[in-house]
2 protein chains.
Amino acid sequence: MRDSLTSSPDHQLAKAVKDSKAPAISRAAAVLRLLGKSEAPLGLQAIARELGLVPSTCLYVLRALVAEELVSFDPDTKRYALEAGVLTLARQWLRRNEFADLAQPVLDRLAQTFGVTMLGVQIFGLDRIVTVAVSQSAGFQLSVQVGSRFPALISATGRCIAAFGDYPDSQLEARFRPLRWEDPPSFAEWQQQVAETRRQGFGIDEGNYISGVTVLAAPVWKQRGRPSHALVAIGLGSALKRNGMPELQDALLASAQTLTIQLGGKMPRP
Amino acid sequence: MRDSLTSSPDHQLAKAVKDSKAPAISRAAAVLRLLGKSEAPLGLQAIARELGLVPSTCLYVLRALVAEELVSFDPDTKRYALEAGVLTLARQWLRRNEFADLAQPVLDRLAQTFGVTMLGVQIFGLDRIVTVAVSQSAGFQLSVQVGSRFPALISATGRCIAAFGDYPDSQLEARFRPLRWEDPPSFAEWQQQVAETRRQGFGIDEGNYISGVTVLAAPVWKQRGRPSHALVAIGLGSALKRNGMPELQDALLASAQTLTIQLGGKMPRP
DNA sequence: GAATGCTATTCAATATACAGAATGAGAGAC
DNA sequence: GTCTCTCATTCTGTATATTGAATAGCATTC
């Protein structure tokens with residue numbers, strides 16, 4: 001997901017449209033994502049220009065999306081925005097997502113016990129991870145955080161993905177290079193940390209991703225092979241050291257193993 | 001949204017596909033909704049049969065949705081299900097939904113003060129309402145409830161929509177008839193309650209929708225005209241009577257009026 | 001082990017969704 | 001007031017998405 005500065009016709013979209021036998025769907029998804037990213041409702045031209053679509057085609061896409069209640073249309077301003085229909089889909093997804101269900105009480109318990117923010121994330125290969133469950137020790141604006149996306153190899157979860165995913169180094173490096181850290185490790189340093197992660201069973205990011213913030217991640221398997229999810233603990237570095245890192249590490253690892261078993265998965269080495 | 005018993009090719013979909021200039025999008029939306037409704041992942045044939053689609057067309061739709069990460073595909077079982085991409089869209093919608101943002105603290109306060117479950121809902125004409133924010137006095141599985149849909153005229157919110165929407169009686173009755181209540185009022189009784197709602201400024205449902213459960217709803221306006229949202233309080237009838245119904249009514253009405261002003265709307269009678 | 005269901009998938013013909021130009025419809029400049 | 005610029009929208013021919021049949025895979029049954 002490259003940030004599009006001002007107006008750069010979407011190149012990836014052009015390819016997706018060409019290859020697909022249902023290009024309207026790629027266009028529709030691109031429109032939805034653009035509307036999601038935008039701070040304010042957008043007009044037809046703005047959308048068409050940003051995505052490199054012909055205005056008339058774009059209009060038909062938008063009309064179809066409005067008819068499906070995925071996009072709202074204000075007849076006065078002629079502006080389009082996301083509609084609540086997307087919420088309904090998300091709710092349905094959450095309802096039958098086993099991992100989110102099973103992880104939630106675990107996250108709540110760990111967040112409360114150790115005073116950290118806990119995430120349950122789903123892994124999408126080497127591409128990215130998505131937050132699917134959240135528990136915060138203080139305050140509770142749950143739903144706004146669920147659904148966040150991050151590059152796969154960033155922070156502690158990234159070290160887990162690299163450690164247990166069995167990817168060739170060349171692929172890892174290609175994905176590693178463009179990452180943005182506040183305090184970036186070198187690829188060599190990072191590979192050592194990945195090796196350490198493989199040994200310990202969980203990953204640590206000590207202020208690399210965000211200065212002063214320590215992140216722990218333990219992988220969860222749904223099938224044998226590559227991990228499908230992870231449990232993540234996020235805390236201020238100082239707070240974590242005081243509050244017993246070792247205990248949190250043990251608890252995190254144990255919870256991840258329990259979840260793996262509940263999901264019918266298999267840890268890599270018995 | 002008619003419940004499709006077993007296998008009834010979707011009639012509404014057929015019409016939507018025909019009228020639209022981008023039928024693939026209607027098909028895609030129908031597939032997403034079907035996958036959302038389904039308890040388990042579905043195979044290609046099952047989806048095509050249920051929606052009345054040609055299997056090959058359905059395959060292309062599914063492939064496009066998989067490419068957009070809105071649908072997941074298990075190569076072993078050849079089954080399709082909703083993917084986490086829908087979550088990301090929902091999160092983006094929530095982030096820039098003014099009503100949900102403004103309503104959340106209000107709902108939290110009312111839920112805690114009166115020991116009731118509070119909802120913020122968005123109104124879609126005479127068709128339906130969608131829950132966009134939730135606060136429960138005990139326990140907190142927020143996200144799973146957000147996104148729920150109900151028929152527009154059901155329960156207390158329905159009386160508000162009828163009272164302040166200025167719809168012709170014939171339309172109201174057509175929408176009223178098919179509603180399912182546990183203890184259904186007659187249309188005449190209901191119209192009296194609607195009149196009462198117009199007088200009081202908020203709607204009450206005392207055990208009609210669900211026996212033993214009292215629901216209060218106060219409308220919120222985003223523009224002049226028809227109400228766009230509502231605040232809803234749900235409690236056991238007995239608990240509500242003890243805990244000071246009048247106070248809750250006043251607080252609900254006051255909060256709805258405050259929200260209306262914050263959203264830049266206008267109450268009907270100055 | 002062949003046969004019979006069921007799947008998912010490919011393929012070739014054609015109905016139609018789409019691109020691009022032409023037309024309306026407003027908003028602002030002067 | 002008129003002109004102009006930009007926006008949304010309609011119109012029309014053609015590349016192509018969709019269709020329905022044909023193929024291929026994979027269990028289960030006989």
Side-chain angles (χ1 to χ4, degrees), chain A residues 6-7 9-11 13-32 34-35 38 40-68 70-81 83, chain B residues 6-7 9-11 13-32 34-35 38 40-68 70-81 83:
Chain A
T6 60
S7 58
D10 194 326
H11 222 213
L13 173 58
K15 208 165 56 184
V17 163
K18 246 190 169 173
D19 294 351
S20 168
K21 290 267 185 181
I25 294 174
S26 305
R27 285 190 275 256
V31 166
L32 289 176
L34 177 63
L35 291 177
S38 163
L42 296 174
L44 171 64
Q45 297 277 353
I47 298 169
R49 210 178 310 125
E50 182 71 22
L51 298 176
L53 295 178
V54 174
S56 59
T57 301
C58 191
L59 179 66
Y60 299 139
V61 169
L62 284 165
R63 286 226 257 251
L65 288 172
V66 168
E68 300 300 334
L70 296 173
V71 163
S72 70
F73 175 60
D74 184 334
D76 298 331
T77 64
K78 310 263 182 185
R79 293 276 139 94
Y80 299 85
E83 182 55 287
Chain B
T6 60
S7 59
D10 195 325
H11 223 208
L13 173 57
K15 208 164 57 185
V17 164
K18 247 191 171 170
D19 294 351
S20 169
K21 290 264 185 184
I25 294 175
S26 305
R27 286 190 276 256
V31 166
L32 289 176
L34 176 64
L35 290 177
S38 163
L42 296 174
L44 170 64
Q45 296 278 355
I47 298 168
R49 211 178 310 125
E50 182 71 22
L51 298 176
L53 294 178
V54 174
S56 58
T57 301
C58 192
L59 178 66
Y60 298 137
V61 169
L62 285 165
R63 287 224 255 249
L65 289 172
V66 169
E68 300 299 335
L70 297 173
V71 164
S72 69
F73 174 60
D74 183 336
D76 297 332
T77 64
K78 311 263 183 184
R79 294 277 135 103
Y80 299 85
E83 183 53 290

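A note on names: the letters A, B, ... follow the listed sequences, proteins ahead of strands, and every chain is numbered from 1. Basis for what follows: all heavy atoms, side chains included, without hydrogens, waters or symmetry-related copies.
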Which atom names give the shortest non-hydrogen contact between Tyr80(B) and Leu35(B), and what distance separates them?
O-CD2, 3.5 Å
Would you say Leu32(A) and Val71(A) make side-chain contact, with heavy atoms under 4.5 Å?
yes
Think Arg27(A) has a side-chain N or O under 4.0 angstrom from the OP1 or OP2 of dC18(C)?
yes
Between Lys78(B) and Phe73(B), which heavy-atom pair has the shortest distance, and what is it?
CA-CE1, 3.5 Å
Which of these nucleotides, dA17(D), dT10(D), dT9(C), is closest to any side-chain atom of Pro23(A)?
dA17(D)
Over all heavy atoms of both residues, which pair between Glu50(B) and Leu34(B) is shortest? Give the atoms and the distance, please.
CG-CD1, 3.7 Å
Spacing of CG belonging to Leu62(B) relative to CG belonging to Leu70(B), to within rounding of 0.5 Å
11.5 Å
What's the closest nucleotide to the Arg49(B) side chain, out of dT9(D), dT18(D), dT7(C)?
dT7(C)
From the list dC11(C), dA8(C), dA8(D), which nucleotide is the closest neighbour of the side chain of Lys78(B)?
dA8(C)
Residue Arg63(B), side-chain atoms from C-beta onward, closest of dT18(D), dT10(C), dT9(D):
dT10(C)
Considering only dG20(D), dT7(C), dC18(C), which nucleotide approaches the side chain of Ala22(B) most closely?
dC18(C)
Separation of dA27(C) P from Asp76(A) CG (nearest whole Å):
11 Å
Closest of dT9(C), dG20(C), dA8(D) to the Gln45(A) side chain is dA8(D)
Could you tell me whether Arg79(B) contacts a base, only the sugar-phosphate backbone, or nothing, with contacts defined as non-hydrogen atoms closer than 4.0 Å?
nothing
Please report the distance, rounded to the nearest Å, between CG in Leu59(A) and C1' in dA22(C).
15 Å
Using whole Å, report how far CG of Leu53(B) lies from C1' of dG20(D).
14 Å
Round to a whole Å and report the spacing from CG of Leu62(A) to P of dT10(D).
14 Å
Taking dC18(C), dT10(D), dT9(C) as options, the one with an atom nearest any side-chain atom of Tyr80(B) is dT9(C)
Pick the closest DNA chain C nucleotide for Tyr60(B) and for Leu44(B) by heavy atoms, then say which residue is nearer the 5' end.
Leu44(B)
